[in-house]
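Please read all numbers here as calculations on a predicted model, not as lab measurements.
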Amino acid sequence: MVRPINFTKMAIAYLTEDTDFKFRNRRKTNDWLHRVARSEGHDLGAISIVFCSDEYLLGINRDYLKHDYYTDIITFDYCDSDRKILSGDLLISIDTVASNAKKYGVSFDDELLRVIVHGILHLSGYGDKSDEEARTMRAKENFYLDQRE
């Protein structure tokens, strides 16, 4: 008998490319991201969070999205919208997160968590292209950052 996959118990994979960054507090972050997904009416499926360098992410941006600029995150969406399961790859430039933390006067950890939840919100269906979408995205980020334990 084949058992159905319990997506509410799926693990989040933390990976690195072209950086020696070590992410801490995985269990706490996993619990938080599961709560975020549930609050948005979803379960988490397979999520890979890939921490990388600016140059690595620029290459991905050029090769896959045909954009020639640096960014803090690229989100590849593999969600099952029928079953409301969020799955995807969040590629995050540690270099840009660090420079944005300095630019905005926040801690590196706070900026990193903002970028991670930003990716989860993209998978949940939120955009950020228009001014209105960007305001909604920022409000959601702030709301969920305040919900951390």
Q: Determine whether the side chains of D89 and Y78 contain a donor N or O and an acceptor N or O closer than 3.5 Å.
A: yes
Has [X] got a side-chain atom pairing as donor or acceptor with [Y]'s backbone, closer than 3.5 angstrom?
X: D95; Y: S53; value: no
X: D128; Y: M137; value: no
X: N25; Y: K28; value: no
X: R62; Y: G59; value: no

Heavy-atom closest contact ([X] atom, [Y] atom, distance):
X: Y69; Y: H67; result: OH-ND1, 3.1 Å
X: D72; Y: N100; result: OD2-ND2, 4.0 Å
X: L57; Y: C52; result: CB-SG, 3.9 Å
X: L145; Y: D110; result: CD2-O, 4.4 Å
X: H42; Y: E40; result: CD2-O, 3.1 Å
X: R35; Y: Q147; result: NH2-O, 3.5 Å

Q: Decide if atom OH of Y64 counts as having more than 12 heavy atoms of other residues, nucleotides or ligands within a radius under 6.0 Å.
A: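 Open.
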Q: Please check if atom CG in D20 has more than 12 non-hydrogen atoms from other residues, nucleotides or ligands closer than 6.0 Å.
A: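 Open.
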Find out if a path of hydrophobic residues (ILVMFWY) with successive side-chain heavy-atom gaps under 4.5 Å connects [X] to [Y].
X: L44; Y: L91; result: no
X: F21; Y: I12; result: yes
X: V97; Y: I49; result: yes
X: I120; Y: V115; result: yes
X: I94; Y: V117; result: yes

**Q.** From CA spacing to verdict: side chain to side chain contact (heavy atoms under 4.5 Å, CB included), K102, E111
**A.** CA-CA 9 Å; K102 287 180 187 173; E111 184 64 15; over 6 Å; no
Return the [atom1] to [atom2] distance between [X] and [Y], rounded to the nearest 0.5 Å.
X: L113; Y: F108; atom1: CG; atom2: CZ; value: 9.5 Å
X: F143; Y: T136; atom1: CZ; atom2: OG1; value: 14.0 Å
X: E141; Y: L121; atom1: CD; atom2: CG; value: 6.5 Å
X: H118; Y: T75; atom1: NE2; atom2: OG1; value: 6.5 Å
X: Y144; Y: S39; atom1: OH; atom2: OG; value: 4.0 Å

Less than 4.5 Å apart, any side-chain heavy atom of [X] and any of [Y]?
X: R24; Y: D109; answer: no
X: S87; Y: D80; answer: no
X: L90; Y: I74; answer: no

Q: Apply side chain to side chain contact (heavy atoms under 4.5 Å, CB included) to F51 and E17, showing your working.
A: CA-CA 6 Å; F51 302 109; E17 284 291 338; over 6 Å; no
Q) Ion pair present between E132 and R135, side-chain N to carboxylate O less than 4.0 angstrom? A)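 Between R135 and E132 there is no salt bridge, as every charged N stays at least 4.0 Å from the carboxylate O atoms.
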**Q.** Evaluation steps, side chain to side chain contact (heavy atoms under 4.5 Å, CB included), between S93 and T71
**A.** CA-CA 7 Å; S93 169; T71 187; over 6 Å; no
Q. What residues, two or more places apart in sequence or in another chain, satisfy ring pair (Phe, Tyr, Trp, His ring centres under 6.0 Å) together with Y14?
A.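 Expected list: F23.
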Q: Walk me through it: do R38 and D43 pass the test side chain to side chain contact (heavy atoms under 4.5 Å, CB included)?
A: CA-CA 6 Å; R38 281 192 301 274; D43 286 320; 4.2 Å; yes
Q: Would you please test T96 and D54 for side-chain hydrogen bond (donor to acceptor under 3.5 Å, both in side chains) and show each step?
A: CA-CA 7 Å; T96 298; D54 266 351; 2.4 Å; yes
